[in-house]
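Numbered from 1 within each chain, the chains take letters A, B, ... in sequence-line order.
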There are 2 protein chains.
Amino acid sequence: MLHEEVVSRVRAMLLDGEIPPGARIPERDLCEKLQISRTPLREALKVLAAEGLVQLLPNRGSRAARLTDKDMRDLFEVCQGLEALAGELACERITEAEIADVAAAHTAMVRHYGDRDLLQYYRCNRTIHEAIIAAAGNPVLSGLYESVTARIRRARYVTPMTPRRWALAVQEHEAILNALQRRDGVGLSHILRAHLRHKREEVLQAGFAEQDEAPAPWQRQA
Amino acid sequence: MLHEEVVSRVRAMLLDGEIPPGARIPERDLCEKLQISRTPLREALKVLAAEGLVQLLPNRGSRAARLTDKDMRDLFEVCQGLEALAGELACERITEAEIADVAAAHTAMVRHYGDRDLLQYYRCNRTIHEAIIAAAGNPVLSGLYESVTARIRRARYVTPMTPRRWALAVQEHEAILNALQRRDGVGLSHILRAHLRHKREEVLQAGFAEQDEAPAPWQRQA
DNA sequence: TTCACCAATTCTGAATGCAAAATGGCGACA
DNA sequence: TGTCGCCATTTTGCATTCAGAATTGGTGAA
C-alpha cells in the first residue's frame, strides 16, 4: 500500500466517522486493520495532524480531532472566502462546455428537488460547487477547498433541511447558474457567500458540534 | 528534538533557500545535520510534502518544490482571497487596541519609507498584514494564510520596488488603515485585493520563477 | 569510439526492537 | 472509606535493520 493510500484510507475513516471524533487512535489496532506496520501509519497520522483532522498528544498518542461550533464557524467562513474567490475566477476562465456541465448538474439537481430526493440533491449540489472550484483553474485554491470542505462535509451534506430553506437554496442555485452564464464574477461571488452563510446557519442551528468522547470534567483538554 | 521542531527546522531550510528549490534532499545528509535518525525526518518530509513545499518521487526520494510562474500566480490569487476575507472579518471584530497597534506599525512603516529603508519597511508591512489576519479571529484562516504566504514570502518581501510602485504601495496602505479605522469591511477588502494584485504584478514582472537546479534536458521532470 | 547490457553499490521504504513515558491497578495510610 | 503513592503493564517515539528498487560504474561488442 502506497503512502498516499494510507493517508487517504485513514482520512476516509475519520471523515466517515468510522473513527469517531475525539476517539483515541491506538496505533497497533489500526496497523493490523490496515495490514501495515506502525512506521507508515505514523507518517500518515502526522500528515493528517497537519491537516487538522488528527490531534497529536506528545507521548500520549493521537485522537481524532473534534469540531466545536467555533471550528465549524471558522471553517464555513473560510469556505465562503474560497468559494467567493473561485466564483470570480471561474467567471473569467470557465469554458462554455464547463458551463454546460454545471447547467446539466443544476437541472438534475432541480429534478431531485422536485422528487424530494435529498441524497441525490446533495450529490448534484456538490458536483456544482466542485465544478465552480475546478473552473477557477487554480490548483492551490482547489487543494485548500478540498481540505476545508472535507472537514465540514458531514455537517454540510447531512444536515436535514426545512422545506423553506430547501426552496431558498434551490432559488440561490438558480442565481448561481445565472451569474455563471452571464459571467458576472462579482455577482456570483456575492451569491455564493450568501448561499454558504445560509448553509452555515442551518448547520449551526442543527447543533452539529461534535461532542467529546470522554468528557471527564477535571481533565483539561490540551 | 520534537516532531514539530523537525518540521519547522526543515521548513525554514526550504524557505530560506538553504535547501535550494529543485534540489534533491538526501535523507542521510539531513539526518546527520539535524542529529536525528531517518524515521522522524521522513515523517517531517511527508508533512512538508502535504504542504506543497516538498515533492516526493516514489522510490526516488524527495526534492524541494520549485515554484513556477503559474504557482506564484495561483498562490497570490489565493492570498488575495484570504486577505480580502480577513479584512472583512477584521472590521467586524478588531478591537480599538488592535487598531492602534496597526496604526503604530503603519506610522513606523511610513517613517521607514521616508528613510528608504526597504528591509524595515517590509518588516512593518508584514506586521500590518499579519495583524489584520489575526484580528479576523479565525485560526483556520490564519493557518491557511501562514502556509500560503510562507511559500511566496521570498518573492513578496525580496522583490525590489521602483520608486513609483513603492509610493503607490504606501498610498494603498494609507487607505488600508483608513478603512480599518472606519471598519469599512467591504472597502478594506477591495483595497487589500488591489494591493496584492499590484504586488503580484511586481513579483511576476521581476521574474521570480524558481529555476530547476539540475536542468539536464534529457531528464524529464516527474 | 559509442552503445548496450550487467554487476555492484547506494538509496529508499518498511518492519522490528528498544528505551522512555504514560496508564492503570493495587496496597498503604489518613 | 476515600485518597495518595508506588509498581507492573502498555504504548509511544525513535534507532536500527532488512528487503527491494534505482543509479552508477564497468565491461564487451558493434
Side-chain angles (χ1 to χ4, degrees), chain A residues 1-11 13-14 19-20 22-51 53-66 212-222, chain B residues 1-11 13-14 19-20 22-51 53-66 212-222:
Chain A
M1 186 166 3
L2 223 53
H3 164 70
E4 259 312 317
E5 198 183 338
V6 177
V7 175
S8 298
R9 290 277 299 269
V10 178
R11 179 167 26 216
M13 295 176 78
L14 290 164
I19 301 173
R24 299 214 37 181
I25 304 175
E27 298 178 355
R28 202 168 287 283
D29 299 1
L30 251 187
C31 284
E32 66 182 40
K33 181 173 288 190
L34 297 179
Q35 289 295 309
I36 56 177
S37 87
R38 284 178 54 219
T39 307
L41 175 64
R42 288 173 55 78
E43 286 172 354
L45 286 177
K46 306 267 193 214
V47 170
L48 294 169
E51 283 182 31
L53 287 172
V54 163
Q55 193 179 5
L56 294 181
L57 311 170
N59 292 318
R60 269 191 282 169
S62 44
R63 314 170 70 109
R66 286 168 291 117
D212 214 352
E213 173 120 303
W218 61 87
Q219 289 176 350
R220 60 186 132 194
Q221 300 302 322
Chain B
M1 195 178 335
L2 224 52
H3 165 70
E4 259 312 318
E5 198 183 337
V6 177
V7 175
S8 298
R9 290 276 300 267
V10 179
R11 176 163 35 212
M13 294 175 80
L14 290 163
I19 302 173
R24 300 214 36 180
I25 304 177
E27 298 180 353
R28 199 167 36 78
D29 298 0
L30 250 188
C31 284
E32 65 183 39
K33 181 173 290 192
L34 296 178
Q35 288 296 309
I36 55 178
S37 89
R38 283 179 55 221
T39 308
L41 176 65
R42 286 172 56 78
E43 286 171 355
L45 286 177
K46 306 265 192 216
V47 170
L48 293 169
E51 284 181 32
L53 287 171
V54 163
Q55 192 179 7
L56 294 181
L57 312 170
N59 291 319
R60 271 192 280 166
S62 42
R63 314 171 69 110
R66 285 169 290 115
D212 215 352
E213 168 116 307
W218 61 87
Q219 288 175 351
R220 60 187 133 193
Q221 300 303 321

Inset, instruction - Measure from CG on Leu57(A) to C1' on dG13(D) and round the result to the nearest Å. - result: 14 Å
Legend entry - Selection from dA21(C), dT23(D), dA15(C) that lies nearest to any side-chain heavy atom of Asn59(A): dA21(C)
Inset, instruction - May I ask you to decide if Glu32(A)'s main-chain N or O and Gln35(A)'s side chain share a donor-acceptor pair within less than 3.5 Å? - result: yes
Legend entry - Exam field: side chain Arg42(B) to backbone Pro40(A), donor-acceptor pair closer than 3.5 Å: no
Inset, instruction - Could you tell me the separation between the CZ atom of Arg60(A) and the C1' atom of dG24(C), rounded to a whole number of Å? - result: 14 Å
Legend entry - Non-hydrogen atoms of Pro20(A) and Ala64(A) that approach each other most closely: O-CB, 3.4 Å
Inset, instruction - Send over the distance from Lys46(A) NZ to dG13(D) C1', rounded to a whole Å. - result: 7 Å
Legend entry - Arg11(B) side chain vs Ala44(B) backbone, donor-acceptor pair below 3.5 Å: no
Inset, instruction - Would you kindly give the CD-to-P distance between Glu27(A) and dC14(D), to the nearest whole Å? - result: 11 Å
Legend entry - Atom pair distance, as rounded to whole Å: CG in Asp29(B) and C1' in dT10(C): 12 Å
Legend entry - Rounded distance (Å) that lies between atom C1' of dG13(D) and atom CE of Met1(B): 14 Å
Inset, instruction - Find the distance Leu41(B):CG to dC11(C):C1' and express it as a whole number of Å. - result: 14 Å
Legend entry - Atom of Lys46(A), atom of Leu56(A) and distance for their closest heavy-atom approach: CD-CD1, 3.9 Å
Legend entry - Donor-acceptor pair under 3.5 Å, Thr39(A) side chain vs dA15(C) base: yes
Legend entry - Side chain of Ser37(B) - closest among dT12(C), dA15(C), dT16(D): dT16(D)
Legend entry - Given DNA chain D, 5'-ward residue of the pair Pro58(A) and Pro58(B), judged by closest heavy atom: Pro58(A)
Legend entry - Side chain Arg42(A) and base dG13(D) donor-acceptor under 3.5 Å: no
Inset, instruction - Indicate, with a heavy-atom threshold strictly under 4.0 Å, whether Arg28(B) touches base, sugar-phosphate, or nothing. - result: sugar-phosphate
Legend entry - Value in whole Å for how far the C1' atom of dA20(C) lies from NE2 of His3(B): 19 Å
